[in-house]
Amino acid sequence: MNNLEPLQFHHIPVLSAGVLEYLTFAPDRPARLIDGTVGGGGHSSMLLERYPKLELLGIDRDDQALAAAAKRLDFASSRVTLVRGNYAELAAITVEHGWDSVDGILLDIGVSSPQLDCADRGFSWRQDGPLDMRMDRRSPLTAGRWLNRASENDLIYAFRNYGELNSARRLAAAVIERREHTPFARTSDLVEIADQVMGRAKPGKLPHPTLLFQAVRIAVNDELRQLETGLASAVELLNTGGKIAVITFHSLEDRIVKNFFRDAATGCICPPKLPVCCCNHKATLKLVNKKALCPTAAEVRENPRSSCAKLRVAEHL
């Protein structure tokens with residue numbers, strides 16, 4: 001089956017209690033929320049149910065996710081606008097739909113369980129399927145094409161920086177050697193390279209294919225650059241007192257969010273020895289939770305994939 005039906009796109013929203021705790025709105029006044037990674041609509045449905053005057057602009061690159069969101073959010077369809085797009089394009093999307101400012105923004109970064117569980121999408125090394133990995137299936141760049149065409153330097157950079165793999169050079173060499181006689185086409189081809197170069201991971205460590213697949217997925221979807229762009233656009237759209245909540249699933253994403261929030265929440269950035277401020281830098285955000293919120297043991301038991309999730313929240317000054 002090449003396409004997920006909306007009913008199959010069942011996704012348990014992670015850290016939902018934290019999202020409800022921090023993304024709050026006045027119950028008797030209209031408010032606007034952007035869910036930049038609406039997915040199957042899990043987080044948004046809870047917020048729309050709690051706040052009857054809340055309007056939602058839901059954005060996602062995945063057409064299957066949007067179909068599922070439309071079904072899940074049908075109870076509030078008059079308050080919901082769904083857009084196929086990338087949250088890195090928040091500024092353009094909001095203008096196009098007549099929104100010049102918002103009261104809340106939610107970003108749930110990374111790949112979802114339905115995407116992982118569908119072999120045809122190629123996100124998981126645990127199932128054999130085509131090497132696709134595109135969040136937006138309109139893109140011509142699949143994981144297979146990237147692996148078959150990327151330069152050695154690009155391969156090394158992605159494996160080292162996106163997968164944090166010490167074997168980046170040997171992996172790149174193995175990829176190039178293989179593709180010269182057999183192009184990459186299946187997820188099993190990439191698993192074979194991981195096993196060939198790195199062997200089995202030590203007990204307690206992530207399996208090596210997990211990190212390799214993460215590196216390729218991030219490269220194919222340009223995820224980290226888009227996160228940086230999306231965060232900058234989001235802050236510009238927030239009303240005073242509006243909050244931005246970001247859920248991440250690995251250290252690369254979390255580091256970007258943590259550093260962005262920290263820098264935006266910092267006032268003067270002059271060297272400490274200067275007697276007076278010369279930078280005129282002013283804080284635009286206030287950290288709501290200085291330490292990332294992680295799932296409870298109960299949530300991890302219910303949804304093991306939530307174990308790596310972290311929620312950071314900031315308020316616009």
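We use all heavy atoms of the structure for the numbers below, so side chains are in, but hydrogens, waters and symmetry mates are not.
Under 4.0 Å is where a charged nitrogen must lie from a carboxylate oxygen, and between Arg312 and Asp254 at least one such pair does. Taking 4.0 Å as the cut-off between side-chain N and carboxylate O, Glu223 and Arg61 do not count as a salt-bridged pair. Checked for salt-bridge contact, Arg79 and Glu55 miss the test: no charged N lies under 4.0 Å from a carboxylate O. For the pair Arg178 and Glu192, the salt-bridge criterion is met [side-chain N within less than 4.0 Å of a carboxylate O]. Salt-bridge check for Asp189 with Arg186: failed, with every basic side-chain N at 4.0 Å or more from each acidic carboxylate O. With salt bridges taken as basic N to acidic carboxylate O contacts below 4.0 Å, none links Arg138 and Asp62. By the 4.0 Å N-to-carboxylate-O rule, Arg305 lies close enough to Asp117 to be salt-bridged with it. Under a 4.0 Å N-O distance rule, the pair Asp136/Arg134 does not qualify as a salt bridge.
Screening residues 150-200 for ring-ring contact (aromatic ring centres under 6.0 Å, His included) gives Tyr157-Tyr162 as the qualifying pairs, with residues at least two apart or on separate chains.
Glu299 and Thr296 share no side-chain donor-acceptor pair at under 3.5 Å.
In terms of the side-chain contact (heavy atoms from CB on, under 4.5 Å) criterion, residue partners of Glu49 (sequence neighbours excluded) are, by chain and number, Phe75.
In this structure, Leu107 is not a member of the same hydrophobic cluster as Val288, with clusters built from ILVMFWY side-chain heavy atoms closer than 4.5 Å. In this structure, Val197 is a member of the same hydrophobic cluster as Phe213, with clusters built from ILVMFWY side-chain heavy atoms closer than 4.5 Å.
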